[in-house]
Amino acid sequence: MSNPFQTGRALPLSGPAYDIAPVTPDDSLSLPVTAIGLYCETAGTIVCETAKGEIRTVAVGALSILPVGVTRVLATGTTASGIHALVLA
């Protein structure tokens, strides 16, 4: 899996992502590319594995952006829908 957080270079995280990809929450499969953030269309809870390897549970509002590196969105506990990964690759 490509991980822009392990390249050793400063990333333009304040700028726009290069692409946005729909996310299907899954307890065992990681995202194909580490996301620099998540966009969520509907309110709920997102359970994710961060780029640091920690499992976090976050309540999000509708049409919100979660600005954290994410490698996986878990199905168990995730109630938000319309989740998209903001990616650099």
Side-chain angles (χ1 to χ4, degrees):
M1 165 181 32
S2 173
N3 185 343
F5 292 91
Q6 294 178 340
T7 63
R9 65 181 179 91
L11 296 173
L13 296 179
S14 62
Y18 292 137
D19 199 5
I20 186 167
V23 172
T24 301
D26 192 294
D27 290 337
S28 58
L29 293 177
S30 295
L31 300 174
V33 176
T34 299
I36 61 167
L38 297 175
Y39 168 72
C40 184
E41 294 176 351
T42 63
T45 300
I46 294 178
V47 181
C48 63
E49 183 175 344
T50 67
K52 186 178 175 183
E54 302 291 334
I55 303 297
R56 303 290 186 208
T57 302
V58 182
V60 295
L63 307 177
S64 62
I65 294 176
L66 184 61
V68 64
V70 174
T71 59
R72 178 181 304 163
V73 177
L74 285 75
T76 302
T78 295
T79 61
S81 62
I83 301 169
H84 301 272
L86 305 174
V87 295
L88 292 176

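Closest approach of Leu38 to Ala35, counting heavy atoms only: CD2-CB, 4.5 Å. Between Cys40 and Val60 the shortest heavy-atom distance is SG-CG2, 3.7 Å. Across all non-hydrogen atoms, the minimal contact from Ala85 to Val23 is N-CG2, 3.5 Å. Across every non-hydrogen atom of Ile83 and Pro25, the tightest pair is CD1-CG, 4.4 Å.
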Sequence neighbours excluded and cut-off under 3.5 Å, please list the side-chain donor-acceptor pairs for residues 61-69, or say none.
residue : atom : partner : partner atom : Å
Ser64   : OG   : Gly61   : O            : 2.7

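For the atom pair CZ of Arg72 and OG of Ser30, the computed distance is 3.5 Å after rounding to the nearest 0.5 Å. Atoms CG and SG, from Leu74 and Cys48 in turn, are 8.0 Å apart once rounded to the nearest 0.5 Å.
A heavy-atom distance below 4.5 Å is not found between the side chains of Leu31 and Thr71. For the pair Leu86 and His84, the minimum side-chain heavy-atom distance is 4.5 Å or more. Ile46 has its side chain out of reach of Val70: every pair of non-hydrogen atoms, C-beta onward, lies at least 4.5 Å apart.
The main-chain N or O of Ser81 is found under 3.5 Å from a side-chain atom of Thr42 such that the two form a donor-acceptor pair. Asp19 contributes no side-chain N or O that, together with a main-chain N or O of Val87, makes up a donor-acceptor pair within less than 3.5 Å.
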